[in-house]
Amino acid sequence: MSGWSEKDIPDQSGRVAVVTGANSGIGYVAARELARKGARVVLACRSEARGAAARGRMVVEVRGAEVDLALLDLGDLGSVRQFAATFPEGRLDLLVNNAGVMALPYGTTADGFETQFGVNHLGHFALTGLLLPTLLATPGARVVTVSSTMHSMSNIDINDLNSERSYRRWTAYARSKTANLLFTHELARRLAAHGSDVVAAAAHPGYAATNLQTAGPRMADRKLSEWFMRIGNRFFAQSADAGALPTLYAATAPDVRPDSFTGPSLAGWRGSPASSWRAPWTLNDQAAGRLWDASEQLTGVTYDALKA
Ligand SMILES: NC(=O)c1ccc[n+]([C@@H]2O[C@H](COP(=O)([O-])OP(=O)(O)OC[C@H]3O[C@@H](n4cnc5c(N)ncnc54)[C@H](OP(=O)(O)O)[C@@H]3O)[C@@H](O)[C@H]2O)c1
């Protein structure tokens, strides 16, 4: 995969993709490049205004792009259920669980979950489970979940998934990104056990300049942190276009293996897509199983077709 770029994305004609958080950053670029290669792409966004603006930009950048907007707030299970219930397609070739928030001040989702765990993991867990019948019915479908190298800062705490005992915003982010990898691990294991050819894989963008870094400081009114983040993005980060390549690789390259983790080649920081290091705890079957059971219980979404 050395030197792999968006030019290497195979033809996506006839394929349907859903990209969460597609109005900005990595999700926007991933959706745009899938559309450029002929996929019909659903931009799953929480804000109608930001989603419509992104769609407007995309159809100018890619002439003839088939792009729809659908509202999805991953911090509200009612919205996730609504999205899945109204999903119009008879097929779903690719689900990109990309949307995310990072290092926010403590808060909870509409359903009372800590925001980073709720949005980054539980929302995507519920979405994938609700769309599973369509994914299973689509030959060669994939689920790509976007994690981060920052997962290596912390394992999950199965006894305090919602950070009720203590909350540290970076630890909560790291745990949500570990949860993304444990989810991929368990999903891949269950799909294989049920003889399904759906591929569950994970990716991360390294360090890419997007809105992710400034959203948290802005919410907390931490002007100095926001300034530092802007400087970092300006001088050290790669572009969102480059950051989207591992996701696009995991989503479209023919040789992607279940439960693989693709990131930038140069120290997981920047560069073309390559197999990425992951903390050993993200491959722990027991932890993955316990998180799965807890996620089913918390969201009320059960993966009936993939019972253990
Ligand atoms: N950029 C990096 O360096 C980096 C590094 C490692 C991992 N990542 C991961 O990459 C993914 C994409 O992030 P990004 O860097 O592209 O950041 P971004 O530009 O801030 O994009 C995040 C997207 O997620 C959406 N989102 C946030 N909360 C949501 C919710 N409750 N429901 C639905 N959508 C929601 C945002 O929508 P709004 O615009 O409406 O807020 C936005 O579209 C995330 O999973 C992040 O953890 C990024």
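First listed ligand is number 1; within each ligand, the first listed atom is number 1. For the numbers below, each heavy atom of this structure counts, side chains included, while hydrogens, waters and symmetry mates do not. These numbers were taken from a predicted model, which means no experiment stands behind them.
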Using heavy atoms and a cut-off under 4.0 Å, could you grab the residues that are in contact with ligand 1, chain by chain, numbers ascending?
-> G21, N23, S24, G25, I26, R46, R50, L72, D73, L74, G75, N98, A99, G100, V101, V119, V146, S147, S148, Y173, K177, P205, G206, Y207, A208, T210, N211, L212, Q213

With sequence neighbours left out, what residues match Y173 under ring-ring contact (aromatic ring centres under 6.0 Å, His included)?
-> none

Stepwise side-chain hydrogen bond (donor to acceptor under 3.5 Å, both in side chains) check, T282 with H151 = CA-CA 9 Å; T282 66; H151 80 271; 4.9 Å; no

Please list, chain by chain and in numerical order, all residues satisfying side chain to side chain contact (heavy atoms under 4.5 Å, CB included) with A288, sequence neighbours excluded.
-> L182, H185, E186

Got L43 and Y28 here, is their nearest side-chain heavy-atom distance under 4.5 Å?
-> no

For residues V143 and T145, determine if any side-chain heavy atom of one lies less than 4.5 Å from a side-chain heavy atom of the other.
-> yes

Qualifying salt bridge (Lys or Arg N to Asp or Glu O under 4.0 Å) pairs with a residue from residues 2-13, counting only residues at least two apart or across chains | none

